[in-house]
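Throughout, a chain's letter reflects where its sequence line sits, starting with A, and its residues are numbered from 1.
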4 protein chains.
Amino acid sequence: MSKKQDIMAATLDLIHEEGLQSVTFSKLFKRANVGAGTIYNYFANKEELVNAVYKEARILMGESLLQGYDPEASLYERFKCLQLNRLNFGIHYPKEFLFIDSFSFSSYISPELRNMEDVHQSSEVVLSLIVEGQKQGMIKEMDSHLCHQLIHGIISSILKGYYIDKYPLNDVQVQQILESSWKAILV
Amino acid sequence: MSKKQDIMAATLDLIHEEGLQSVTFSKLFKRANVGAGTIYNYFANKEELVNAVYKEARILMGESLLQGYDPEASLYERFKCLQLNRLNFGIHYPKEFLFIDSFSFSSYISPELRNMEDVHQSSEVVLSLIVEGQKQGMIKEMDSHLCHQLIHGIISSILKGYYIDKYPLNDVQVQQILESSWKAILV
Amino acid sequence: MSKKQDIMAATLDLIHEEGLQSVTFSKLFKRANVGAGTIYNYFANKEELVNAVYKEARILMGESLLQGYDPEASLYERFKCLQLNRLNFGIHYPKEFLFIDSFSFSSYISPELRNMEDVHQSSEVVLSLIVEGQKQGMIKEMDSHLCHQLIHGIISSILKGYYIDKYPLNDVQVQQILESSWKAILV
Amino acid sequence: MSKKQDIMAATLDLIHEEGLQSVTFSKLFKRANVGAGTIYNYFANKEELVNAVYKEARILMGESLLQGYDPEASLYERFKCLQLNRLNFGIHYPKEFLFIDSFSFSSYISPELRNMEDVHQSSEVVLSLIVEGQKQGMIKEMDSHLCHQLIHGIISSILKGYYIDKYPLNDVQVQQILESSWKAILV
DNA sequence: CATGAATGAGCGTTCATTCAT
DNA sequence: TATGAATGAACGCTCATTCAT
């Protein structure tokens, strides 16, 4: 792995373990096994480093959310795919998920990055799916952003409980969650 | 007593505006209009100050969550009351809500405080309501903590979208949210 | 006892217990059982307080050093009286002795105070005793200040060893010390 | 290595000039011409710095005190060597001498350091010399620690008078002091 | 007189950043 | 590139001093 990736991986690890506030450069150097000045060959400052880590996580998330999405499938199949992708991303990449969840609204992350297209692509897919479902009379008439937030919020919240070992997330639970979130927005 | 309240209010404001990490004492002194040493008449150190602010927010939340709760009312009425209380707390006390949401799992908050009884009382009311509903065959059979997390997660997520002006939260939306979250957990 | 004396006694105690550097006003207030502002009714600032304590100790020492001094007695008798007075002062007033010993050359003590007449009276008695002895051919010809310092130094040093319990100071030891210091300066 | 030495030298200078209590880091930085953080590359904190300076002074003193000591020489020759070494150390290293003299019993100095072997070696040489002299009937029968303290005290006291220019310390005076201290403990 | 809450300059220390090697 | 000693602004905190009561 390159020095640059060592640094970014160490950054994400430290953010996950102790929170952004306690990611000091001296901890970072030791963890990443690089010299104090090496970071500045790759990143102009701490903020750019964190933003780069954020960007990488967002790209990874963006790729995950639309994985296997079949525009031709039924409304419910497409809905399940999107929700499952989000859930699986959170299960397999907890560090990335929590980092994105915590800092998307932080002033630490630059506005340009916050509005990256990657994840928004998936957001738009979700939004148009909602609108489509409402036109068909399947999905309840409500503000589409509110509806979007609602089904995402279920996944995020479930994941946070899972991370602190409140319950397992096996196939049974996963199916229950998908059903629940679907029923929540049906007419 | 006013100085203490000034300091705590300024702390909560700053946490809300810039995040806990950037609550420096120099910002705090200016915001609260007190001298550098004044804080130490009331709080042993920064951590105790933050914990005191957290405790106050938790007490306020604890009082709000069970407001008007009638144990004799129907299952659905009780459910709506609990969800509505949470939503209203978030609407009227956004700073408190976000602070609690962000830092309940932070190492900055002492474990004793994290496990205060106040909010947990309401948690147990919710949990037993879920179990009761499951016995009656109304609520879907699933891990009660998972179910709890699900309905809370909906409210939290909706509130976060509301805070960044994604949509309004008028009576219409509020009713939709209550219905959605109820349908999410019905059999 | 008056507030003023409470404060001065507490100051001397604290200096003796922890050293001047750690005599903070907050410790002082608690020890002396007075309010934070009360000191300023009696002393303009910390330095004046310390100087006042120093002055009081010096006055006490000045009184002690010439106690029972009989100008008509023999050279040796007068020498023994002076040395014994110094030794006894150190034995009975360890806090005062050590404070004077440590801070006589500190910049904390004002020059005027350092050159108070009280103890110097006794110094001049000692010096003229030395000169007289040298004229009589009993005391070795040497710089009288050097001689003075020598016999004082013996007493001071012995006291410091006594304070840390290196040895007892009973009559036997006291007699040995007086003899030794006398022999040290004889021709 | 130069920065470390700069810092230690500046520390010793400041202690000598103004006392330990006024060795603030801001004075230290200016004096040593280093940045505020540089000290922490070499010393964990202020106390460790002071202890390091103390240790260096003690090592220097330990080397000086037994210089040229010939165990085969006569009792008086050995006595003179020890006393002269101490006197010379004080004359050539006044800052080190006063620092050790003042702070050997300060809580600032760690107990391990206080009980270093270096200087104690010389103490034991002095003590056994005293005991030997007492067995031979040359040195007065008295507590050996008392006797030790007495002859050290003479040197210390003389040096303090010398430092404030009370008198010169040329060969004549030095010989007088050695004789006086010898006579003080003879039978 | 006596009080103690309030003050803010100054403390020891941390840590993002620089730069000579 | 890669390094890490050096830097100094900024941090949390202390404490002598003030002043309204």
*For dA2(E), does OP1 or OP2 lie under 4.0 Å from any side-chain N or O of Y42(C)?*
yes

*CD1 of I39(A) versus C1' of dT18(E): gap in Å, rounded?*
13 Å

*Does F103(B) have its ring centroid less than 6.0 Å away from the ring centroid of Y108(B)?*
no

*When we call it a touch if two heavy atoms are under 4.0 Å apart, what does T24(C) touch: a base, just sugar-phosphate, or nothing?*
sugar-phosphate

_Residue closer to the 5' end of DNA chain E, Y40(A) versus F25(D) (nearest nucleotide)_ = F25(D)

*Examine F97(A) together with Y93(A) and report whether their ring centres are nearer than 6.0 Å.*
no

*Within less than 4.0 Å of OP1 or OP2 of dC15(F), is there a side-chain N or O belonging to S26(C)?*
no

*asked:* Run the salt bridge (Lys or Arg N to Asp or Glu O under 4.0 Å) test against K30(B) and tell me which residues pass, sequence neighbours left out.
replied: none

*Which whole-number value in Å describes the distance from N33(B) CG to dG8(E) C1'?*
14 Å

*Between K3(B) (NZ) and dA20(F) (P), how many Å, whole number?*
13 Å

*Please give, in whole Å, the distance from dT17(F) C1' to L49(C) CG?*
13 Å

*In the strands shown, is dG12(F) matched to any nucleotide by a Watson-Crick or G-U wobble pair with both distances under 3.5 Å, and which?*
dC11(E)

*Roughly, in whole Å, what's the span from CZ in F29(B) to P in dA10(F)?*
15 Å

*asked:* OP1 or OP2 of dA5(F) versus the side-chain N and O atoms of K4(D): is any pair under 4.0 Å?
replied: no

*Return the value, rounded to whole Å, for the distance between atom CG of L28(A) and atom P of dT17(E).*
12 Å

*Could you please spell out the steps behind the salt bridge (Lys or Arg N to Asp or Glu O under 4.0 Å) verdict for E17(D) and K95(D)?*
CA-CA 9 Å; E17(D) 288 167 22; K95(D) 290 182 289 194; over 6 Å; no

*Looking across every strand, which nucleic acid part, if any, lies under 4.0 Å from F43(D) by heavy atom: base, sugar-phosphate, or nothing?*
nothing

_Side chain of T38(D) - closest among dC13(F), dA6(F), dA9(F)_ = dA6(F)

*Quick one: look up who dA20(E) pairs with, Watson-Crick or G-U, both distances under 3.5 Å, and put none if it's unpaired.*
dT3(F)

*asked:* Both A44(B) and G35(A) contact DNA chain F. Taking the nearest nucleotide for each, which residue is further toward the 5' end?
replied: G35(A)

*Once you round it to whole Å, what is the distance between P of dT3(E) and CG of N41(B)?*
17 Å

*Identify which nucleotide among dT17(F), dT18(E), dT7(E) has an atom closest to any side-chain atom of A36(C), counting heavy atoms from C-beta outward.*
dT17(F)

*For R114(D), side-chain contact (heavy atoms from CB on, under 4.5 Å) partners two or more places apart*: I109(D), P111(D)

*Tell me: CG of N45(B) to P of dT14(F), nearest whole Å?*
8 Å

*So which one's nearest nucleotide on DNA chain F is more toward 5', V23(B) or G37(D)?*
G37(D)

